[in-house]
Amino acid sequence: MPFLIISPSQQHSIFSISPLISTVQPLLNNTLKPLHRTQIDFALIKTQSLTKQSCNLYLDNKGTVNSQWQDILEAIKASSTLQNLEISRIIEQNGGFKTISDFNHLLISLVLADEFELALKLSSLSYALAPDVNTYSIWVSLYCKKNDPETAKSILGNMLKDGFQPKVATFTTLINTFCKGGKLQKAYEVFDVMGQIGCEPTIYTYNCLLKGLCFVGRVEEAYELLLNIKKSNKKPDLYTYTAVMDGFCKVGRSNEALELLEEALEMGLIPNVVTYNTLFNGYFKEGRPLDGIKLLKKMKKQNCVPDHITYSTLLHGLLKWGKIRAASKIYKEMLNHDFEVDGRIMNSLLRGLCRQSRKEKEMLKDAYQVFERMQSRMLVVDPVGYELVIEAFCSGKELDKALESLYEVVRIGYSPKAFTFSNVIRVLCLEGKVDKALLVFILMLKVGKSPSSVPFSLLINELNQQRKPLTACYLYGVALKSGVVPRNKPEVYMRGNEVFNPGSVLIPLSLCAFS
DNA sequence: GCGTAAAACT
């Protein structure tokens, strides 16, 4: 049986994938149906948003799944112990690959589906076929996708050695992979090879280099490259501009990014949501939240629809720079557009709204709504968020909500600050709910907070008002025992002719140990 | 003959 023609260099880089070890009889015993020639519809594969399963890998003319290949691939995938020879046999039994093109089709669909190991396994087998320029190209893109540009580069080297002329796309893919990893030197090496063999770069190629330069902070060089591109016969596109704009934004030069936007507009390029998002990013990085808002207006005016990233960036940026009111507006807009808001951002919005509502009472409602939504979505409210929301409930006289949240936060295991307890106690006392206030006080002691004179004073004052001197005295005693002198003292009052002297009960009560 | 490039938070 003839074997795949393998050049020595290939043998090293591609075919050294170590084969699998022991046998799997059950699979071999399966009577597999004879294999039909199948046609892959690439468009279909792409639009059907491939899952990582190989069931969508090999489709027939009508776009329905061809079960023969599916079975084979699944079997090979499932078995980590199948030997190459056996896999070859299965493939042969099913008709094998008639042409290298057949093989390439399968290979590319595997790569598209991120089935790299399976693709390599199949590549390591022997067929009566010689790899062609496409096979090599697919291998290069495979290793690029695996983020292994070094191996990809060596394959490209072999390709050249074997007299194949790689396409621009192949070079570009490799350059891009090096650039993404910040290996500009390597990327330029590949770029040079292109020049040597007379493969002309496209705007794609330049865009990758631009992105790479910006990624490693070499914005000046990126800008110079842009100038050179403009001088050349290549036409910069939106990607070109966006890449350099992003570079400027990342180093806090969003004004220059904006200039580039104007330039792009003059060239007839229509900025899209990514372009705008890039600018938003720059503005918020630099602390120009209001410019961000202006840009949003401009963006909408130009019929560019904000996406989830736009809103998240805006929300995050506005909160970062304390623009709570604007942030709240954006948040509502997001909900109107059915965008989910990230839990952490919501938590920081909640905190911002609560803090802001100290000055602007009308924001309390917004804060409550955010809190309720977070609860209904089971999103995490951090300890500070809870303290603030309890404070907000207090200041909005939402006593039940305040109590509920206080109990909840204790139940979760956080220990709110004494200030928070005092706050709740204050509002409860104001509303005359001294019994509930006392329960809160007990809870406060239970979680180990040592009360200052404030809660004592609040409670004693209210107990005095309600003519409950015994409890007031009791508390007074507890206060003194713990070294705190409340501002209010239990009040003596008259019933008929009798004078109650709280002092008489002070002594025994103050001896009570509090635990 | 098939394929190549983009933005935010965490």
Side-chain angles (χ1 to χ4, degrees), chain A residues 39-46 99-112 132-145 152 166-180 187 190 194 199 201-215 236-250 254 257 261 264 269 271-285 292 295 299 304 306-320 330 334 339-349 379-380:
Chain A
Q39 186 88 39
I40 304 170
D41 188 327
F42 283 102
L44 257 167
I45 288 180
K46 272 187 163 172
T99 63
I100 188 65
S101 182
D102 281 349
F103 179 77
N104 291 347
H105 279 318
L106 180 59
L107 196 62
I108 190 82
S109 57
L110 285 168
V111 173
L112 281 173
D132 65 2
V133 63
N134 293 321
T135 322
Y136 278 108
S137 303
I138 298 165
W139 281 330
V140 171
S141 72
L142 187 157
Y143 278 105
C144 285
K145 279 201 167 179
K167 291 175 202 159
V168 206
T170 306
F171 277 113
T172 305
T173 308
L174 182 54
I175 288 172
N176 187 39
T177 311
F178 276 128
C179 283
K180 269 190 188 159
V190 178
M194 283 179 79
C199 177
T202 64
I203 193 66
Y204 282 80
T205 321
Y206 287 113
N207 290 350
C208 294
L209 283 171
L210 285 172
K211 266 199 64 76
L213 286 168
C214 292
F215 178 72
D237 62 9
L238 193 59
Y239 286 83
T240 319
Y241 277 99
T242 308
V244 185
M245 281 169 68
D246 188 41
F248 277 129
C249 285
K250 290 239 158 72
S254 33
L261 178 70
L269 296 171
N272 62 12
V273 66
V274 178
T275 320
Y276 282 108
N277 288 350
T278 302
L279 272 170
F280 283 125
N281 218 359
Y283 279 157
F284 289 121
K285 187 156 280 185
L295 188 66
M299 174 184 185
C304 183
D307 66 1
H308 187 254
I309 293 178
T310 314
Y311 282 118
S312 299
T313 309
L314 277 165
L315 197 47
H316 193 264
L318 291 169
L319 289 170
K320 181 174 165 188
I330 294 295
M334 261 182 111
F339 285 124
E340 268 308 315
V341 186
D342 175 82
R344 272 172 294 240
I345 293 189
M346 264 182 109
N347 190 72
S348 94
L349 175 64
L379 297 173
V380 178

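Only this structure's heavy atoms are used, side chains among them; waters, hydrogens and symmetry mates stay out. Order of the sequence lines sets the chain letters (A, B, ...), proteins ahead of strands, with each chain counted from 1. Because the structure is predicted, anything quoted here is derived from the model rather than measured.
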Undergrad: Output the residues of residues 239-249 of chain A in contact with DNA chain B, where contact means a heavy atom of the residue under 4.0 Å from an atom of the strand; sort by number or write none.
TA: A:Tyr239, A:Asp246
Undergrad: Base of B:dA6, side chain of A:Asn207 - is there a donor-acceptor contact under 3.5 Å?
TA: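 There is none.
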Undergrad: Send over the distance from A:Leu210 CG to B:dA6 P, rounded to a whole Å.
TA: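 Taking atom P of B:dA6 as the reference, CG of A:Leu210 is at 12 Å.
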Undergrad: A side-chain contact here means heavy atoms from C-beta on lying under 4.5 Å apart; do A:Leu107 and A:Trp139 qualify?
TA: yes
Undergrad: Taking CG from A:Leu318 and C1' from B:dC9, how many angstroms apart are they, rounded to a whole number?
TA: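 In whole Å, B:dC9 C1' and A:Leu318 CG are 14 Å from each other.
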Undergrad: Once you round it to whole Å, what is the distance between P of B:dA7 and OH of A:Tyr283?
TA: 19 Å
Undergrad: B:dA6 C1' sits how many Å from A:Ile309 CD1, rounded?
TA: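 For the pair A:Ile309 CD1 and B:dA6 C1', the rounded distance is 10 Å.
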Undergrad: Remember a base hit wins even if backbone is also touched, and classify A:Lys180 as base, sugar-phosphate or nothing at under 4.0 Å, heavy atoms.
TA: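 Sugar-phosphate only.
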Undergrad: What is the separation between atom CG on A:Asn281 and atom P on B:dT10, rounded to the nearest whole Å?
TA: 11 Å
Undergrad: By the 4.0 Å heavy-atom rule, please label A:Ser137 as base, sugar-phosphate, or nothing.
TA: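 Result for A:Ser137 = base.
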Undergrad: Any idea which heavy atoms bring A:Gly292 and A:Leu314 closest together, and the distance?
TA: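 Closest approach of A:Gly292 to A:Leu314: O-CD2, 4.2 Å.
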Undergrad: Side chains of A:Thr278 and A:Asn281: do they bring a donor and an acceptor to under 3.5 Å?
TA: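 No pair is found: no donor N or O on one side chain lies under 3.5 Å from an acceptor on the other.
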Undergrad: Between A:Lys211 and B:dA7, is there a side-chain N or O to OP1/OP2 distance below 4.0 Å?
TA: yes
Undergrad: Between P on B:dG3 and CG on A:Leu106, what's the gap in Å once rounded to a whole number?
TA: 16 Å
Undergrad: Checking A:Phe339 now: which residues fulfil side-chain contact (heavy atoms from CB on, under 4.5 Å) with it, not counting sequence neighbours?
TA: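 Counting only residues at least two positions away or on another chain, A:Phe339 forms a side-chain contact (heavy atoms from CB on, under 4.5 Å) with A:His308, A:Tyr311, A:Met334, A:His337.
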Undergrad: Please report the closest heavy-atom contact between A:Ala243 and A:Lys211, naming both atoms and the distance.
TA: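 In terms of heavy atoms, the two residues are closest at CB-CG, 3.9 Å.
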Undergrad: B:dT4 C1' sits how many Å from A:Asp237 CG, rounded?
TA: 12 Å
Undergrad: Could you check whether any side-chain heavy atom of A:Leu318 comes within less than 4.5 Å of a side-chain heavy atom of A:Phe284, counting everything from C-beta outward?
TA: yes
Undergrad: Does any donor-acceptor pair link the side chain of A:Thr170 with the base of B:dG3 at a separation under 3.5 Å?
TA: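 Answer is yes: a donor-acceptor pair is held.
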Undergrad: Among B:dG3, B:dA8, B:dA7, which nucleotide sits nearest the side chain of A:Asp307?
TA: B:dA7
Undergrad: I want to verify a distance call: between B:dG3, B:dG1, B:dT4, whose nearest atom is closest to the A:Tyr204 side chain?
TA: B:dT4
Undergrad: Which is true for A:Lys320 with a 4.0 Å heavy-atom rule: it touches a base, it touches only sugar-phosphate, or it touches nothing?
TA: nothing
Undergrad: For B:dA6, does either OP1 or OP2 sit under 4.0 Å from a side-chain N or O belonging to A:Lys250?
TA: no
Undergrad: Using a cut-off of 4.0 Å on non-hydrogen atoms, how would the nucleic acid contact of A:Asn176 be classed: base, sugar-phosphate, or nothing?
TA: sugar-phosphate
Undergrad: How long is the line joining CD1 of A:Ile330 and P of B:dA8, in whole Å?
TA: 18 Å
Undergrad: For A:Asn277, give me all partners under side-chain contact (heavy atoms from CB on, under 4.5 Å), at least two apart in sequence or on another chain.
TA: A:Val273, A:Phe280, A:Asp307, A:Ile309, A:Thr310
Undergrad: Say whether, by atom type as modelled, one donor and one acceptor occur between the side chain of A:Asp102 and the main chain of A:His105 under 3.5 angstrom.
TA: no
Undergrad: Looking at B:dA8, I'd like to know if its phosphate oxygens (OP1 or OP2) sit under 4.0 Å from a side-chain N or O belonging to A:Asn277.
TA: no
